[in-house]
Amino acid sequence: MKKVIVMLGLVAVGLFANEHTVHATISDSDFIPRLVNFIIFAAILWYLLADKIKSFYVNRTNSIANQFEEVENKLKESKLQKEALKTQVEEAHKKAEEIIKTAQKEIEILKAQTLATAKNEMAMLNKQFEDFKVYEESRIKKEVVESYLKDLTKDIHLSSEEVATIVTKKVG
């Protein structure tokens, strides 16, 4: 800012620095003809360049307006997209909640099925255990009877035919 003020001061000093500065008047200078020449020059420039300058400013104004409209259109589109995305997000949240509810129902169903399967397997295992117990009891009874009979038959010498007849008599 200081540089501009200094430059203007130097220009002013240069313009007014001549030998007649102390006693100079407007009638002694060529100020009026220069003023008229400047006015004529400005008028010619205005005549030659006014349409181009006006068209430039109109075109520039129109281009700025068009850019502004484009920006507004993009803003409207982005707002519409934002709303569409909001609705999609809401739908996604609803679907997620539905999926969670469905998954929870499936978990309950699977729990019930697993529990039922486990109960069935437990019942089957218990039955197999009972059957095995009965089988083992009968096997052990047979072994005990056989060992007892062997102990008894050690002292008695019977043939297998005689034993068969004795057993058939007892059974029959």
> Rounded at 0.5 Å granularity, tell me how far CD in Gln81 sits from CD in Glu77.
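The CD atom of Gln81 sits 6.5 Å away from the CD atom of Glu77.
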> Got a sec, which residues hit side-chain contact (heavy atoms from CB on, under 4.5 Å) with Ile44, two or more places apart in sequence or on another chain?
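Per chain and number, Ile44 pairs via side-chain contact (heavy atoms from CB on, under 4.5 Å) with Ile40, Leu48.
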> Is there a path from Phe38 to Leu45 through hydrophobic residues (I, L, V, M, F, W, Y) whose side chains come within less than 4.5 Å of each other?
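They do not share one cluster, since no chain of ILVMFWY contacts under 4.5 Å joins Phe38 to Leu45.
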> Please enumerate all residues that pass side-chain contact (heavy atoms from CB on, under 4.5 Å) together with Leu35, with sequence neighbours excluded.
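So Leu35 forms a side-chain contact (heavy atoms from CB on, under 4.5 Å) with Phe31, Ile39.
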> Mind checking side-chain contact (heavy atoms from CB on, under 4.5 Å) for Leu80 and listing every partner two or more places apart, or none if nothing turns up?
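Expected list: none.
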> Roughly how far, to the nearest 0.5 Å, is CD1 of Ile140 from OG of Ser147?
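The distance works out to 11.5 Å.
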> Could you give the distance from NZ (Lys142) to CD (Glu146), rounded to the nearest 0.5 Å?
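With rounding to 0.5 Å, NZ (Lys142) is 8.0 Å from CD (Glu146).
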> Any side chain to side chain donor-acceptor pair (under 3.5 Å) pairs touching residues 124-136, not counting sequence neighbours?
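Qualifying pairs: Glu136-Arg139.
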> Using 0.5 Å steps for rounding, measure from the CD1 atom of Ile109 to the NZ atom of Lys105.
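Going from the CD1 atom of Ile109 to the NZ atom of Lys105 covers 8.5 Å.
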> Using the rule that two of Ile, Leu, Val, Met, Phe, Trp, Tyr join whenever any of their side-chain heavy atoms come within less than 4.5 Å, decide whether Met122 and Phe132 are in one cluster.
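Different clusters: Met122 never reaches Phe132 through Ile, Leu, Val, Met, Phe, Trp or Tyr contacts under 4.5 Å.
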> How long is the span from the CD atom in Glu72 to the CD atom in Gln67, to the nearest 0.5 Å?
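These two atoms lie 12.5 Å from each other.
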> Tell me, which pairs form a side chain to side chain donor-acceptor pair (under 3.5 Å) where one or both residues lie in residues 87-103, sequence neighbours left out?
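Every pair satisfying side chain to side chain donor-acceptor pair (under 3.5 Å) with a residue in residues 87-103: there are none.
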> Between Phe41 and Ile53, is there shared hydrophobic-cluster membership here, with clusters defined by ILVMFWY side-chain heavy atoms closer than 4.5 Å?
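Result: yes, single cluster for both.
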> Out of curiosity, Ser55 OG to Arg60 CZ, how far, rounded to the nearest 0.5 Å?
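Spacing of OG (Ser55) from CZ (Arg60) equals 14.0 Å.
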> Residues two or more places apart in sequence or in another chain: which of them pass side-chain contact (heavy atoms from CB on, under 4.5 Å) with Lys111?
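Result, side-chain contact (heavy atoms from CB on, under 4.5 Å) vs Lys111: Ile107, Glu108.
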